[in-house]
Amino acid sequence: MPDDARPARYPFSFRGDQLAPELAESVAHRPVLRVRTNTGTDAWLVTGHEQVRSVLRDRRFSLTLTSDPWMPRQDPLIPPLTVTDIRTHCENAGLLHELFRGVGPYQQHLTPTRVREIATGLLGTFLAGAQPGDLVGGFIMPLSRALTMELLGLDPEGCPDDTTLFTIFRTGPESYPAVPDSWALAQEWMRERLPGLRADGGGLLGRLLALSDASGVLGEEEVADLFVFLLISQFGNPATFLGAASVGLMSHPQVLDRLRAAPELLPQAVDELLRWTVFLGDALPRIAREDVRVGDVLVREGDLVLVSTDAANRDPRVFPDPHRLDIDRQPGPHLRFSDGRHRCPGGPVARMQAAETLRVLLELTADLRLAVPADEIAWHRYYAVTLPVSVPVRWTARGAAAERGPGRGEG
């Protein structure tokens, strides 16, 4: 591991099915590490579970200050306050309770039955196609889009394509002008949807818009920005999880076989996959409001702190044999949905979508396998979340999918 005189360049890797060796070493031996970011700025990378949870829960570490142009940052673009301080915006506009309810465990905008219906239709079409097929382009991305529109109550007509939406997650040297241009397209499309959402009044965004109009706190552009953030957040969650989880499961065929034989294990398998898969392509940034000690390191006021929840989820002090995918593992305090004030409220929806989608995947395939070695799969570089460029697969269909005919192409 490089010493502090020459900080290592971060991020280390962009794979979602494998924790970067540098992160694995850091979390085991040096949980607070000096690194150099995409902007050339030095920062503290925090990887240990105890230290990560401490930073995320400590109000002396600010997410909002990362929008201050005078503060150090991990990427060239300055995130807007509508992203870094979304909780305050929602609180001030009277939206927070409805938002939390709308993505919580009792929400009715996207039911398990509806997830299964959507996944069954899309997967059936994919399995009727040629082999090998690309699981990302043929199933994961269309599914993520469809689930997003259903949850938010949006008509998908005219929505920017998947590439445009995913580009909003770009980081690093090529984020400008790609991210602002893609955001502008999504915002324009969302602003055009507002009159229809007002007239209909249904769906999660329709309910949030009615509350926002009643409070009068947010202008049209602020509402559109908020809704675009919710759009890409929901779009990114299932895409990222399914991309990494599918590669991980096909690399562990014995786990797939167990889940086909005992689908009742899916909830605990999903929890383990949420811990084991690598979600972030960079890190969660914070700015120290004052001098704070994190572990053995004194972080100075104004320092940039990068939090790796993925590394924390592989901390051997908390998760024995942490790099092993073990669906018999007892549920532990993993940090996939962050922690503290900015903990993601959409965890219940994300878990449900994951479990029901994997259930359909197991029901409609008697066999699903990678068509190339896992190490040959390319992953998108310099994105805030991980996603394979493509996942070539071969399969044997069963059930309703088999009745539609086997996949065509080379055996």
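Side-chain atoms of W395 do not come within 3.5 Å of backbone N or O of A366 as any donor-acceptor pair. The backbone N or O of V278 lies less than 3.5 Å from a partner atom in the side chain of T386, making a donor-acceptor pair. A donor-acceptor pair under 3.5 Å is absent between the side-chain atoms of T240 and the main chain of N237, judged by distance alone. Judged by distance alone, the side chain of S390 and the main-chain N or O of P392 form no donor-acceptor pair under 3.5 Å. In this structure, the side chain of E220 does not engage the main chain of R191 through any donor-acceptor pair within 3.5 Å. Of the possible donor and acceptor atoms, one in the side chain of E222 sits under 3.5 Å from a partner among the backbone N and O of G219.
A cation-pi arrangement is present between R34 and W44 under the rule of less than 6.0 angstrom and at most 45 degrees off the ring axis. Stacking of R275 on the aromatic ring of F319 is recorded, both the 6.0 Å distance cut-off and the 45° axial limit being met.
Contact check on R170 versus D181 returns no salt bridge, with no Lys/Arg side-chain nitrogen under 4.0 Å from an Asp/Glu carboxylate oxygen. Salt-bridge check for R53 with D58: failed, with every basic side-chain N at 4.0 Å or more from each acidic carboxylate O. A salt bridge links D367 with R369: the distance from a Lys NZ or Arg NE/NH1/NH2 to an Asp or Glu carboxylate oxygen falls below 4.0 Å. In summary, R336 and E272 do not engage in a salt bridge, as defined by a charged side-chain N under 4.0 Å from a carboxylate O. Classification of D339 and R57 as a salt-bridged pair holds, one side-chain N sitting under 4.0 Å from a carboxylate O. Using a 4.0 Å cut-off between a side-chain N of Lys or Arg and a carboxylate O of Asp or Glu, R114 and E150 qualify as a salt bridge. For E363 and R359, the salt-bridge test fails: no basic side-chain N is under 4.0 Å from an acidic carboxylate O.
Looking only at atom types and distance, the side chain of D326 has no donor-acceptor partner in the side chain of W276 under 3.5 Å away. No hydrogens or angles considered: a donor-acceptor pair under 3.5 Å links the side chains of R314 and H323.
How far CG of L358 is from CG of L242: 6.0 Å, rounded to the nearest 0.5 Å. With rounding to the nearest 0.5 Å, the separation of OG1 in T37 from CD in Q74 is 7.0 Å.
Taking every heavy atom of both residues into account, P160 and A186 meet most closely at CG-CA, 3.9 Å.
Partner of C90 under the side-chain contact (heavy atoms from CB on, under 4.5 Å) criterion, out of L208, L218, V217, L96: L96 alone.
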- Task: Apply ring-ring contact (aromatic ring centres under 6.0 Å, His included) to F229 and W183, showing your working.
- Result: CA-CA 9 Å; F229 178 78; W183 185 279; 7.5 Å; no

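Between F166 and Y383, the ring-plane angle classifies as parallel under the 30° and 60° cut-offs.
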